[in-house]
> 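Pasting a structure here, questions to come.
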Amino acid sequence: MSDTFHTPASVDPRLLEVLVCPVTRGKLTYDRERQELVSKGAKLAYPIRDGVPIMLPEEARVLD
């Protein structure tokens with residue numbers, strides 16, 4: 001099986017409509033290249049692993 005089978009090329013827009021940052025409750029944007037959901041308000045980027053957003057602040061990457 002290829003990795004492409006497990007990793008979606010994009011995030012379903014309906015998912016972005018319902019997911020919010022757990023810290024700020026603000027909107028998230030999708031970074032396709034890095035496979036992350038970005039919260040500009042919290043300055044955090046939440047990883048997407050195997051197509052599943054990991055919405056834990058302790059798992060997020062801090063943005064500069």
Side-chain angles (χ1 to χ4, degrees):
M1 293 181 162
S2 71
D3 184 51
T4 308
F5 179 79
H6 295 289
T7 305
S10 64
V11 172
D12 185 336
R14 294 174 294 176
L15 185 60
L16 283 177
E17 289 177 15
V18 296
L19 282 179
V20 295
C21 173
V23 175
T24 65
R25 302 286 185 226
K27 288 190 175 196
L28 299 166
T29 56
Y30 175 54
D31 183 336
R32 175 182 275 186
E33 187 176 306
R34 290 184 173 234
Q35 287 295 300
E36 296 175 326
L37 294 175
V38 178
S39 170
K40 291 180 183 179
K43 296 185 180 180
L44 294 172
Y46 299 94
I48 299 172
R49 297 187 189 130
D50 296 322
V52 178
I54 310 300
M55 303 303 295
L56 301 170
E58 58 269 15
E59 293 288 325
R61 181 173 65 85
V62 177
L63 302 174
D64 295 328

> Mind listing the side-chain donor-acceptor pairs of residues 21-28 below 3.5 Å, one per line with the distance, residues two or more places apart or on another chain?
from, atom 1, to, atom 2, distance (Å)
T24, OG1, G26, N, 3.0

> What's the verdict on side-chain contact (heavy atoms from CB on, under 4.5 Å) for V62 and L44, showing C-alpha distance, side-chain angles and the deciding distance?
CA-CA 5 Å; V62 177; L44 294 172; 4.0 Å; yes

> Under 3.5 Å, is there a donor-acceptor pair between the side chain of D12 and the main chain of R14?
yes

> Under 4.5 Å between side-chain heavy atoms, chaining through other members, with only Ile, Leu, Val, Met, Phe, Trp and Tyr counted: pull out the rest of the cluster around V38, sorted by chain and number.
L63

> Would the number of heavy atoms belonging to other residues, nucleotides or ligands and lying under 6.0 Å from CD of E33 be above 12?
no

> Could you measure the distance from the CZ atom of R34 to the CD1 atom of I48? Nearest 0.5 Å is fine.
13.0 Å

> Would you compute the distance between atom CZ of R61 and atom NZ of K43 and round it to the nearest 0.5 angstrom?
13.5 Å

> Provide the closest heavy-atom pair for S39 versus A42 in the form atom of the first, atom of the second, distance.
OG-N, 3.2 Å

> Is it true that Q35 and Y30 share a donor-acceptor pair across their side chains at a distance under 3.5 Å?
yes

> Which heavy-atom pair separates L19 from P53 by the least distance, and what is that distance?
CD1-CG, 3.9 Å

> Treat each ILVMFWY residue as a node, draw an edge where side-chain heavy atoms are under 4.5 Å apart, and state whether L16 and L56 are in one component.
no

> Which atom names give the shortest non-hydrogen contact between M55 and P57, and what distance separates them?
O-CD, 3.8 Å

